[in-house]
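Working notes for the structure below.
All of these numbers come straight from a predicted model, not from anything done at the bench.
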Amino acid sequence: MKLTILGGGGFRVPLVYGALLGDHAEGRVTHVTLHDLDAGRLSAVTRVLAEQAAGVPDAPEVSATTDLDEALTGADFVFSAIRVGGLEGRANDEKVALDQGVLGQETVGAGGIAYGLRTVPVAEDIARRVARLAPDAWVINFTNPAGLVTEAMSRHLGDRVIGICDSPVGLGRRIARVLGANPGEAWIDYVGLNHLGWVRGLRINGRDELPRLLADPDLLGSFEEGKLFGTDWLQSLGAVPNEYLHYYYFNREAVRAYSEAERTRGAFLRDQQAGFYDEMTRPGAAALTAWDRTRAEREATYMAEARETAGAGERDADDLSGGYEKVALALMRAIARDERTTLILNVRNRKTLSVLDAEAVIEVPCLVDANGAHPVTVDPLPDHASGLVCSVKAVEREVLAAAESGSRATAVKAFALHPLVDSVNVARRLVDGYTAVHPGLAYLK
């Protein structure tokens, strides 16, 4: 079975390959094709993968190419993890927003909109090529903003594109662990949009244990989200939000922390990863050792500004191991082998949330089998959550409309309607700022 990874020179690709190395069952991935526009990054990641595979019997064969059509042809699964504009683009997203006094985080607020505007046209081109060159392939999308990009691709691929994210998985794992349960045996009642969802219940042997957690301030304050949001706020909500909702519930504090930081997250990653890729140009460098050292630093500093604002301290050791690669592998196994499982995924709504239309991509538990991912029925969201979900989904739709029409006015509308952008004039200045620094937004007229 052939897996094609788009963004194959990306830093987190070895996580996916490492997960594949542990899979020896029939129907496993036997060939991985890496695609990237940057041949140097491809070479660096290929070196890391070669060291990972050393001594592993039947390790999947790896090839690399800068030709997209070649990479897609014959693929059974396509894993899309591209970054249009690179980390320099992310750093610019943050800076332009902060210059206007609003959040520039890569998936939330102004930064997420800018990232979406330059990514959607590229993602749609990929989707059209997949439909032509590999019509039977399943696309697993991790490209951010994951929900928005998955919805854009679904207009060409229907249900054969599925979005994944490791945030809900990590959240459910932390709650189960605090409650003394096996995460693999817990049913997580989670629903929302990508980076905008809530755990409303966690069932173990048919019993909802979340009320027990919410009633115990010491237990509730012992893990990442309890520290981020505070026990009083979680008890008021009666739910545990995805960590990214910190940017909504504590927006002023988040903007201040980003503004006062020596470097934004994007600038930190840009400089950090540049060091890694530069090291990989030196003959004899230990690729896997360098990658693992860089990855550990990356994970330890994840959402550092939010944790500093909340006084949450350093991340727990158990939260430093990533997770999206495990979701991707579980999803591929379920589809390729009809190994039925339940995963929290980004899929078309159908009739799951009545406040959204059938084509809207949401993040929700799904039953997965050989026919794809099927969203389960969930209880309605409370009004405060429904309002936020509908508001952000409306912004996503304006982003899609702007990408399709090339309308600058529609792009301004997308920024102006976002809950974290508080002025139409700010929205206009944001569009001016982003089009000035991003060649990929030259299509906006």
Side-chain angles (χ1 to χ4, degrees), residues 3-21 32-56 59-60 62-66 71 79-95 104-107 111 115 119 142-144 165-166 170 261-305 307 314-315 317 319-326 328:
L3 167 65
T4 292
I5 302 179
L6 306 182
F11 184 77
R12 295 214 275 183
V13 168
L15 291 172
V16 178
Y17 190 68
L20 295 174
L21 289 175
V32 176
T33 298
L34 306 180
H35 171 267
D36 204 287
L37 300 178
D38 188 324
R41 289 168 64 94
L42 275 177
S43 176
V45 171
T46 301
R47 284 181 59 188
V48 176
L49 269 52
E51 291 190 19
Q52 283 181 301
V56 179
V62 176
S63 60
T65 179
T66 57
F79 184 37
S80 180
I82 63 173
R83 181 175 288 281
V84 180
L87 286 170
E88 184 67 32
R90 177 174 177 178
N92 286 334
D93 287 344
E94 294 164 336
K95 184 179 186 306
Q105 204 277 335
E106 79 164 325
T107 62
Y115 192 17
T119 302
F142 190 70
T143 298
N144 277 324
C165 181
D166 49 0
E262 181 180 349
R263 285 181 297 178
T264 62
R265 177 66 172 171
F268 165 77
L269 292 176
R270 175 197 62 200
D271 298 343
Q272 185 209 38
Q273 291 187 23
F276 164 75
Y277 287 108
D278 179 64
E279 186 174 350
M280 289 302 95
T281 63
R282 304 170 200 163
L288 184 56
T289 299
W291 174 82
D292 203 43
R293 181 183 67 246
T294 307
R295 181 194 63 82
E297 183 182 17
R298 172 195 173 107
E299 295 296 339
T301 56
Y302 177 67
M303 291 192 75
E305 291 86 358
R307 292 201 315 280
E314 296 184 357
R315 296 184 78 192
D319 293 329
L320 301 180
S321 58
Y324 85 100
E325 71 283 359
K326 298 173 185 175

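E279 has a carboxylate O that lies under 4.0 Å from a charged side-chain N of R293, or vice versa, which qualifies the two as a salt bridge.
Closest heavy-atom contact between L21 and P60: CD2-CD, 3.8 Å. In plain terms, the two heavy atoms of Q273 and R298 that are nearest each other are NE2-NH1, 2.8 Å. Residue G10 comes nearest to P14 through the heavy atom pair O-CD, 4.2 Å, listed as atom of the first residue, atom of the second, then distance. Between R12 and D166, the closest heavy-atom pair is NH1-OD2, 3.9 Å.
Proximity of a side-chain donor or acceptor of Y17 to a complementary backbone N or O of T46 within less than 3.5 Å is not detected. Judged by distance alone, with hydrogens and angles left aside, the side-chain atoms of T143 form a donor-acceptor pair with the main-chain N or O of I82 at under 3.5 Å. The backbone N or O of A71 sits less than 3.5 Å from a side-chain atom of T4, completing a donor-acceptor pair. No donor-acceptor pair closer than 3.5 Å links the side chain of R270 to the backbone N or O of A91. Put simply, the side chain of Q272 gets close to the backbone of T294: a donor and an acceptor are under 3.5 Å apart.
The OG atom of S43 lies 11.0 Å from the CG atom of L34; values are rounded to the nearest 0.5 Å. Taking CG from D93 and CD from E88, the interatomic distance works out to 10.5 Å, rounded to the nearest 0.5 Å. The CG atom of L20 sits 10.0 Å away from the CD atom of E325 when rounded to the nearest 0.5 Å. A distance of 3.5 Å separates CD in E94 from OG1 in T264, rounded to the nearest 0.5 Å. Interatomic distance, CG of L42 versus CD1 of I5, reported as 10.5 Å (0.5 Å rounding). Here R41 contributes atom CZ and M280 contributes atom CE; the two are 13.0 Å apart, rounded to the nearest 0.5 Å.
Counting only heavy atoms from C-beta outward, the side chains of W291 and V45 never approach each other to under 4.5 Å.
Using cut-offs of 30° and 60° on the angle between ring planes, the pair F276 and F11 is perpendicular. In this pair, F142 and F79 present their aromatic rings tilted. The plane angle is within the 30 to 60° band.
By the side-chain contact (heavy atoms from CB on, under 4.5 Å) test, R83 is found to be paired with L87, R90, E106, Y115, residues two or more places apart in sequence or in another chain being considered.
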